[in-house]
Amino acid sequence: MEGQFMQTSNVQSSSQSSRFADCLLGWFDVFGRHDLPWQHPKSPYSVWVSEIMLQQTQVQTVISYFERFMLAFPTVQDLAAASQDDVLSHWAGLGYYARGRNLHKAARIIISEHDGEFPSHFDEIVSLPGIGRSTAAAILSIAFKQKYAILDGNVKRVLSRYDAIDQWPGEKQTEAKLWHRAEVLMQTERADDYTQAIMDLGATICRRSKPLCAECPVKAGCQALKADKVGAYPVSKPKTEKPTRQVVMLLALDGEQIFLQKRPQTGIWGGLWSLPQFDNEAQLSAVLPQTGEQSVLETLPEFKHSFTHYHLIIQPRMVEADAKAWALAGQWMNLSQALEMGLPAPIRKLIEKTESKHVKNGQLCKNG
DNA sequence: AAGTCGGGGGG
DNA sequence: CCCCCAGACTT
């Protein structure tokens with residue numbers, strides 16, 4: 001009697017699992033894609049070719065390539081007998097041409113080592129060039145109806161949301177967790193339909209953007225939806241921390257004149273006019289006239305400018321200089337003239353600000 | 001673990 | 001512009 005009302009956690013998780021598969025398959029029968037060209041004869045060969053083409057390439061793009069390819073190479077024998085050039089010409093425009101080369105190579109292996117018959121065991125299939133764990137599982141499930149779980153981009157997204165996995169799928173540990181869940185949830189004898197179904201779900205319902213959660217067959221168990229955080233999954237790749245570099249820049253002023261240097265052609269702001277740049281304060285002092293206190297240094301507030309690949313902290317140093325006794329290579333020019341030179345935006349801003357704050361009637365003053 | 005292959009689509 | 005896509009392979 002008690003058994004009717006109590007379930008062990010094992011039974012419970014197993015029943016959740018089969019519910020996932022059952023809900024998914026029930027939905028697939030009505031709303032899944034059943035008319036794709038590689039679903040006509042689900043032969044190992046046609047499934048293989050389609051799976052390779054579909055690596056990193058969307059269905060809509062693949063369809064026409066697949067049809068032309070199968071007309072040119074209807075069997076694995078035809079593919080093996082063809083030249084690599086002929087095979088690659090049918091791949092032109094699909095990208096990732098190693099896929100085409102590996103497909104051709106594998107066809108010849110199937111002829112020479114498998115009697116021309118597509119192998120039906122995981123180890124044999126996954127050892128063929130161009131076939132990894134997920135693609136081997138797709139072929140085994142769809143073409144041979146064996147219970148092997150796939151883990152492609154669609155499945156990663158579906159499961160990341162379903163379990164609300166708070167780590168980036170690119171991490172090894174996360175991927176292991178996803179593989180485990182992919183296998184546990186695949187509780188069905190309809191291995192071929194399940195594989196197609198979970199990919200269809202990812203492509204049409206559990207899309208990367210604008211997912212249609214209201215129409216999802218497994219929404220009841222979706223942890224991301226329960227927390228109203230579907231958009232937060234899968235967790236996106238951590239942005240690699242950009243390095244930060246510090247430089248000292250020299251604002252040398254003589255009345256209405258400012259000193260600029262042309263930057264090297266390579267590197268940031270290549271070829272633009274800018275302020276003289278130094279790695280640190282010491283290198284700046286080294287080039288300033290040493291004699292006496294005629295050069296007055298003022299430390300202006302530092303600021304940050306970000307590039308795509310690093311942050312640059314700029315520490316401006318202002319100096320009252322004598323253009324006639326100046327040794328650095330570069331050019332003195334009027335402030336108005338300097339602002340016409342196509343300066344880097346942050347440098348232009350700095351100069352404009354300095355001018356308004358520290359230059360009055362052609363005279364340098366410390367506090368504007 | 002990170003880089004590479006590659007064209008196309010969408011935000 | 002960026003990120004992602006029915007990933008696998010090399011370094």
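Letters go in sequence order (proteins before strands), and every chain restarts at 1.
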S.K.: How close or far is atom P of dA6(C) from atom CD1 of Ile198(A), stated in whole angstroms?
M.R.: 12 Å

S.K.: Can you tell which of dG9(B), dG6(B), dG7(C) lies closest to the side chain of Gln55(A)?
M.R.: dG7(C)

S.K.: So Phe66(A) and Trp38(A), would you call those rings parallel, tilted or perpendicular, with 30° and 60° as cut-offs?
M.R.: perpendicular

S.K.: Contact class for Gly202(A) (heavy atom, under 4.0 Å): base, sugar-phosphate, or nothing?
M.R.: nothing

S.K.: Validate the cation-pi geometry between Arg133(A) and Trp179(A): distance from NZ or CZ to the six-membered ring centre under 6.0 Å, angle to the ring axis within 45°.
M.R.: yes

S.K.: Looking at Arg157(A), does any N or O in its side chain come under 4.0 Å of the phosphate oxygens OP1/OP2 on dC5(C)?
M.R.: yes

S.K.: Could you check which of dA1(B), dG7(C), dC3(C) has an atom nearest any side-chain atom of Arg208(A)?
M.R.: dC3(C)

S.K.: Heavy atoms only, 4.0 Å cut-off, all strands: where does Trp91(A) land among base, sugar-phosphate and nothing?
M.R.: nothing

S.K.: Could you tell me how far apart Arg133(A) (CZ) and dC9(C) (P) are, to the nearest whole angstrom?
M.R.: 14 Å

S.K.: Establish whether Tyr96(A) and Leu79(A) are linked, either directly or via other cluster members, by ILVMFWY side-chain heavy-atom contacts under 4.5 Å.
M.R.: no

S.K.: Looking only at atom C1', what distance separates dG9(B) and dA8(C), rounded to whole Å?
M.R.: 23 Å

S.K.: Could you tell me how far apart Asn154(A) (CG) and dC4(C) (C1') are, to the nearest whole angstrom?
M.R.: 11 Å

S.K.: Classify the ring geometry of Tyr148(A) against Phe122(A): parallel below 30°, tilted from 30° to 60°, perpendicular beyond 60°.
M.R.: parallel

S.K.: Nearest whole angstrom, please: distance from the C1' of dC3(C) to the OH of Tyr233(A).
M.R.: 20 Å

S.K.: Which part of the nucleic acid, if any, lies within reach of Glu175(A) when heavy atoms closer than 4.0 Å are counted: base, sugar-phosphate only, or nothing?
M.R.: nothing

S.K.: Which of these nucleotides, dA6(C), dA1(B), dG11(B), is closest to any side-chain atom of Val59(A)?
M.R.: dA6(C)

S.K.: Counting any heavy atom closer than 4.0 Å, what does Ile142(A) reach on the DNA or RNA strands: base, sugar-phosphate only, or nothing?
M.R.: nothing

S.K.: Could you walk me through whether Arg190(A) and Asp22(A) satisfy the salt bridge (charged side-chain N to carboxylate O under 4.0 Å, His left out) test, starting with their C-alpha distance in whole Å, then the side-chain angles of each, then the deciding distance to 0.1 Å, before giving a yes or no?
M.R.: CA-CA 10 Å; Arg190(A) 296 174 59 188; Asp22(A) 292 342; over 6 Å; no

S.K.: Distance check needed: dA6(C) C1' versus Ile139(A) CD1, whole Å only.
M.R.: 11 Å

S.K.: Could you check Asp200(A) against Val126(A) and say which one's nearest nucleotide on DNA chain C is further toward the 5' end?
M.R.: Asp200(A)

S.K.: Mapping Ser134(A) and Gln58(A) to their closest nucleotides on DNA chain C, which lands nearer the 5' end?
M.R.: Gln58(A)

S.K.: Between dC9(C) and dG8(B), how many Å separate the two C1' atoms, rounded to a whole number?
M.R.: 23 Å

S.K.: Tell me which of Thr61(A) and Glu171(A) sits closer to the 5' end of DNA chain B, going by the nucleotide each one is nearest to.
M.R.: Glu171(A)

S.K.: How do Trp168(A) and Ala98(A) order along DNA chain B: which one's closest nucleotide is nearer the 5' end?
M.R.: Trp168(A)

S.K.: Can you measure Ile150(A) atom CD1 to dC5(C) atom P for me and round it to whole angstrom units?
M.R.: 13 Å

S.K.: Does the side chain of Gln56(A) get closer than 4.0 angstrom to OP1 or OP2 of dG7(C) through an N or O atom?
M.R.: yes

S.K.: Between dG11(B) and Lys210(A), is there an OP1 or OP2 to side-chain N/O distance shorter than 4.0 Å?
M.R.: yes

S.K.: Heavy atoms only, 4.0 Å cut-off, all strands: where does Ile131(A) land among base, sugar-phosphate and nothing?
M.R.: sugar-phosphate

S.K.: Take atom C1' in dG6(B) and the same atom in dC3(C), then report the distance between them in whole Å.
M.R.: 15 Å

S.K.: So Trp91(A) and Phe69(A), do their side chains get closer than 4.5 Å, heavy atoms only?
M.R.: yes

S.K.: Please report, rounded to the nearest Å, how far the C1' atom of dC4(C) is from the CZ atom of Arg161(A).
M.R.: 12 Å

S.K.: Over all strands shown, is Val155(A) touching base, sugar-phosphate only, or nothing at heavy-atom distances under 4.0 angstrom?
M.R.: nothing

S.K.: Would you tell me if any nitrogen or oxygen in the side chain of Thr57(A) comes within less than 4.0 Å of OP1 or OP2 on dG6(B)?
M.R.: no

S.K.: Taking atom C1' of dA6(C) as reference, at what distance in whole Å does atom OH of Tyr96(A) sit?
M.R.: 13 Å

S.K.: So Val87(A) and Phe73(A), do their side chains get closer than 4.5 Å, heavy atoms only?
M.R.: yes

S.K.: Please measure how far the C1' atom in dC4(C) lies from the corresponding atom in dC5(B), and state the result in whole Å.
M.R.: 15 Å

